[in-house]
Each structure stands twice: as structure tokens, then as C-alpha cells.
Amino acid sequence: MDFDDILKKIGEFGPYQKRTLALLSITWIIISPVMIYSVFGVATPDHRCGIPDFDNDTYRVQNSQHQELIQKYIPIGPDGLYDKCHMYRFNQSTRSVLNDSGTLEECSSWVFDKTLFDETIVTKMNLVCKEKYKASLSKTIFFGGVLVGSFLFGLLSDVLGRRFALLIALLIVFASNMAMAWAGNFATFVILYMCAGAGVVGIFMTSYVLGMEWVGFSKRIFAGCVVPLIGPLGEMYLILISYLTRTWHWMAIFSAIPFGLYIILWWFIPESPRWLCGKNRKKDAAILLKKAAEWNHTEFSPEILDNIAPKEKEAGKVWLLFSDRKLGLRTAIIFYNWLAVCMVFYGLDLNTAMLYGNFYINFLIFVLLEFTGNILPLFTINRFGRKRSYVFYTTVGGLSCLSTILTVNYLGKDLQILTTVLAMIGMLFNTAGFATLYIFSAEIFPTVVRNVGMGTSSSWARVGAMISPFIAETRHLVYGSTGVAIPLVIFGGACLIGAGLSLFVPDTRNKMMPETIEDGKNFTMKIVLGKKKNMQDNEENATTNF
């Protein structure tokens, strides 16, 4: 007897499972503000050098005399704007500026535009000019923490249990995010930020697995699809607290508070009975299953656990994916696409400020597009197939991003909102592509290496997220409006390459999922006559963009 047979008897998705999933779904909301914290807390406002001996200097022009001082001290850069990193040399002895010779010197203090934020970590620690790489580095280090956490909490979840691993992750994020608000230097900030990254992925992994292990086979895909539709609510929460507080440390504090409060709800979350049975703790599993049966108005007999057949451990080794030329090529293509779509997703999401238009409205639209993008595949993947859907989404998204080079160079300033619109279209279809890729990948990897295949794909996605901040910084390589399009062109090109490579991967619609490595080699020959086998082993088919 399989554990799914027990869930059929007590109810695959009864009131008890719905209650448990509802409690766990809150975690998917509260981790979102931490994932996108850098959009607001590590934002770089417009800035220029501070005028010497002018203690009341501000980025905003105060009056005509202030305007004259700015013009006297601050040179105009190649982009037609005030130079952000240099000023005319200042003579300390005569207390005058030597702007006649045109000699420039690097400034040691800056003033920042406070239209959007009163203070970010960038303005507090002057992470501009020679230090500006640190802002991108902090985002990369955060996703490095996500990468480490995905391995760490995968191990803790299997050894200590899903529930206890979830508690550890909650405490880590609460403590690190709260302490981050009082970080006095960059090193302290990034260490705490990295810990927060490790914690949020731990929360996501353990809560997702715990929720899916309580849900019966026939309802897992439906339950898993709740994830991407709930997560963006947390992004809306961060938009609100950012708009109201305008300060990086308050954003960190208000992002941390929900984790502290959630620890109260953690006491009401049950452990996974699957994990308990795997650890031979069948008495504890029986208590939980009996309680679930009572909630679901069904019956449960503890003796039934004695009939569970032990499952053979999967012999999943990543090198098996490359044991055949054809299978290895497909695997490499899948890995690249995970890197590309995640790079584009976070590159657009975390760098909304580079787009034209209102910063807060642009980001809110991006969040709404995430909802839409995650819903689109539900209407296309079964009708048109996984491959056609993915190639279409990534092609349209890539062309949209690539087209921005035309709008920024050939349209006037008043029409640059079209650049933002194209970037948003790219975001919409890239999100849909990400959701489709998750299903596509889970179905194409053979069962014996499916876990390791999905895990390695997720690792490549983390690499894509880690390099996305530096791709966004390429906009500074070219002065003027053209620089805005450079990151979008790179993102668009990456999508188009992924779409082209995916043409060499067989579609998985109406095909039996491969069980062995040999099945994977001969994948295109295996057609399913019914639907049941096509759904089996497809627990991973939840479309998530984490």
C-alpha cells in the first residue's frame, strides 16, 4: 500500500488539509518582502557631489543662489546631467572653486534626491561612484545565501523534520532582518542579508513540501498552483510600507515583524506524516492522521500504516543526466533556460527604477503581471503543449525586451513610456515562461533522477539571480537614454537563445513521463493512452517563480 492510498481513505483535500495549507500559504506571503527588499532598501536615488562648506546642501534646488552654487561647483556630465562623482577642484586656502581650468576631483560627500526615499542603505553608506558595485554585490550575496539555504534546509528538513526546519528558518529570517535594521557597516549588512536569503528559501522549501505531503495525489497540482498566486500579495505589502516609511531600516523591521508573529501560528502546523513514517515513527503519524480523519469526517485505523510498502531510494546522480548525448543535450538546454528565465525575472523585478514612469506604479504593475503570468500557462500548456507554450512565451518576452533599443533611440522623451511598456510585456511573458518551464522540466527528467534534476535546475536559477544585478548595472556603460536599453537587450537576447535551444527538446504533452535513464533516451517514443500516467510522479508541477 502507498501513502497516497491512506490519504484517499481519510480525504485527499478535506478541511484538515485546507486548514494546514492555509496556514502554510501565509509563509509564501511573508517571504516575498524579503526576496524583493533590495528594490526599495538598496535603491540608488539620483545624486551629485555635495557643495563644500554648505551644510544645508540638498539635491533639490532651494533658490536661485543655490542654483548658482551648483552650477559653479558641479560639472555637466556627457549625459547632459550633473556629474555624480566629480566636482571642480576646490582651493582650501582661498575657499574658492577652480573651475576656470576645468580640473576635476572626486568628491567625498554626496547629496541624494529624496523624492522616493528618505534614506536607503546606499545613501546611508554612500555606495555610489567607486563604491556603487557594493549595491549590486549585496543583491548577489543575498541570492548566494538563497543558494546555500536551498542545500542546507533540504538536509535539515530530511533529518530534523519539515516542521522543525521551518521553525529554524523562521527564527533566522526574523533575527537577521531585525538586526539588519541596525547594521552599522556594509559587511554587517550583507552578512545578515545573506542569512535572510538562506532563511527565506528554507521557509519556502519546507512549507511547500509539508503542504504537498499532506495533500492527496489528485489534488496536488491544484494545491501547488496556489503558490504563485499568493506570493505577490507580500510584494504589495512591501510597496505599502516602503511608500509609508521611505526608510531602509523601517522596511527591514516591518519585513521582519510578520515572521515573529507567524511563530505563534507555527504551533498549529502538523508535521508531515510521510516523513514520520519514513523515520519509523508510525505512532506519531497515526495520531496526526486520526486527527485529520476526524476533521474530514472520515475514519482511520492505525493498523493500516503497517501495510505501507517501503520505497526504494532513488539512485539519483546528476551525472546520469549526461550519460547519453541526446539526454545530456536536453539537460544542458533545460539548465540554461532556468538560468536565463530567473536572471530576466529578477533582473526586471529588482531594477524597476531604471524604467521610465512612476517608480511605485511601475512596480505595482509588475506585481500584477506576476499574477497574470502565472495564470496564462494553465490555459495553454495542455492545449498547445509545453514546448510550444514555452517557446512562444520566451520569444515574445525576448522580442519585447530587445525592442527597447528602438524606442530609446528613435522616440522622443515624451514617448519613452513605451520602453517601460515593452519591459512590462517582457516581464509578463517571462513569468509565464518560468511557470511553464517548471512543469516542462519536471516531466522531462526521468523519475530516477527527477529530484536531482529539478534541484540542479533550481541551483542554476540561483546563479541567474546572482548575476542579474550586475547585468542591470550595464546601463551605466553608455551615457544617455541608450544605456537604459542595454540590460533589457541582454535579457531579451538570453530569452531568445533559450527559446531557440528549446526547439531541440521534445514536448511532454500526452507522453508518459520517463521512469529510467533508458526511457529518457527514448522519450519521444513513449505515448500515453490515458491521462493517469501522465499525471503520476508530477508532484513538482506547481508553477512557482521562487
Side-chain angles (χ1 to χ4, degrees), residues 321-322 324-349 369 373-374 376-377 379-407 422-445 453-454 456-468 470-472 474 485-511 514 520-524 543 545:
L321 292 168
F322 297 92
D324 173 75
R325 182 179 61 83
K326 188 183 296 184
L327 184 59
L329 177 62
R330 295 173 191 165
T331 301
I333 292 173
I334 292 294
F335 286 173
Y336 170 81
N337 276 279
W338 274 79
L339 183 150
V341 295
C342 198
M343 178 186 72
V344 176
F345 179 81
Y346 284 109
L348 292 173
D349 209 20
L369 290 176
N374 281 302
L376 279 178
F379 300 98
T380 62
I381 58 176
N382 286 328
R383 184 172 183 178
F384 301 107
R386 279 62 160 154
K387 182 169 76 171
R388 287 183 180 180
S389 298
Y390 180 74
V391 171
F392 173 75
Y393 291 140
T394 50
T395 299
V396 174
L399 289 175
S400 298
C401 291
L402 209 59
S403 299
T404 57
I405 193 68
L406 301 176
T407 58
L422 287 172
M424 290 179 174
I425 294 174
M427 179 66 170
L428 169 64
F429 284 95
N430 182 74
T431 303
F434 202 168
T436 305
L437 181 62
Y438 203 100
I439 298 173
F440 197 12
S441 303
E443 292 178 340
I444 207 164
F445 287 129
M454 293 297 290
T456 308
S457 298
S458 181
S459 297
W460 280 108
R462 310 294 181 236
V463 174
M466 290 170 68
I467 64 178
S468 63
F470 290 100
I471 298 296
T474 58
I486 291 180
L488 296 172
V489 169
I490 296 174
F491 293 148
C495 286
L496 292 178
I497 292 173
L501 291 174
S502 297
L503 294 175
F504 297 94
V505 180
D507 200 353
T508 59
R509 184 180 63 149
N510 296 331
K511 293 180 182 176
K521 296 176 184 178
N522 305 314
F523 182 75
T524 56
T543 54
N545 284 341

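Note that the coordinates shown come from a computational prediction; the quantities given were computed from them, not determined experimentally.
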I'd like to check [X] versus [Y] (side-chain heavy atoms, cut-off strictly below 4.5 Å). Are they in contact?
X      : Y      : result
Thr395 : Leu496 : yes
Val391 : Leu503 : yes
Leu428 : Leu376 : yes
Phe491 : Phe345 : no
Asn337 : Ser502 : yes
Phe392 : Thr436 : no

What are the two closest heavy atoms between [X] and [Y], and how far apart are they?
X      : Y      : answer
Val505 : Lys387 : O-CD, 2.7 Å
Cys495 : Asn430 : SG-OD1, 3.9 Å
Ala340 : Ala494 : CB-O, 4.0 Å
Gly373 : Pro377 : O-CD, 3.1 Å
Trp338 : Ser441 : NE1-OG, 2.8 Å

Practice item. Report the residues that fulfil side-chain hydrogen bond (donor to acceptor under 3.5 Å, both in side chains) with Thr380, sequence neighbours left out, ordered by chain and then residue number. Key: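 Once residues adjacent in sequence are excluded, the partners of Thr380 under the side-chain hydrogen bond (donor to acceptor under 3.5 Å, both in side chains) criterion are Ser389, Tyr393.
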Point to revise | All side-chain hydrogen bond (donor to acceptor under 3.5 Å, both in side chains) counterparts of Ser400, not counting sequence neighbours | key: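 Here no residue qualifies.
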How long is the gap from [atom1] on [X] to [atom2] on [Y], to the nearest 0.5 Å?
X      : Y      : atom1 : atom2 : result
Met427 : Phe434 : CE    : CZ    : 10.5 Å
Ile334 : Leu501 : CD1   : CG    : 10.5 Å
Thr404 : Leu402 : OG1   : CG    : 7.0 Å
Ile471 : Leu488 : CD1   : CG    : 11.5 Å
Phe335 : Ser458 : CZ    : OG    : 11.0 Å
Leu327 : Ile444 : CG    : CD1   : 8.5 Å

Check your understanding: Are the side chain of Arg386 and the backbone N or O of Ile381 linked by a donor-acceptor pair below 3.5 Å?
Key ->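 Pair found, side chain donor or acceptor close to backbone of Ile381.
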Check your understanding: Short question: side chain of Tyr346, backbone of Arg462 - any donor-acceptor pair under 3.5 Å?
Key ->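 Not at all, since once roles are kept as given, no pair shorter than 3.5 Å links the two residues.
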**Study point:** Exceeds 12 heavy-atom contacts within 6.0 angstrom, atom CZ of Phe322
**Key:**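 Yes.
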Check your understanding: Of all residues at least two apart in sequence or in a different chain, which pass the side chain to side chain contact (heavy atoms under 4.5 Å, CB included) check with Ser403?
Key ->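 For Ser403 the side chain to side chain contact (heavy atoms under 4.5 Å, CB included) partners, ignoring immediate neighbours, are Leu422.
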Point to revise | Parallel, tilted or perpendicular, as decided by the 30° and 60° cut-offs, for the rings of Phe440 and Tyr390 | key: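 Tyr390 and Phe440: tilted rings.
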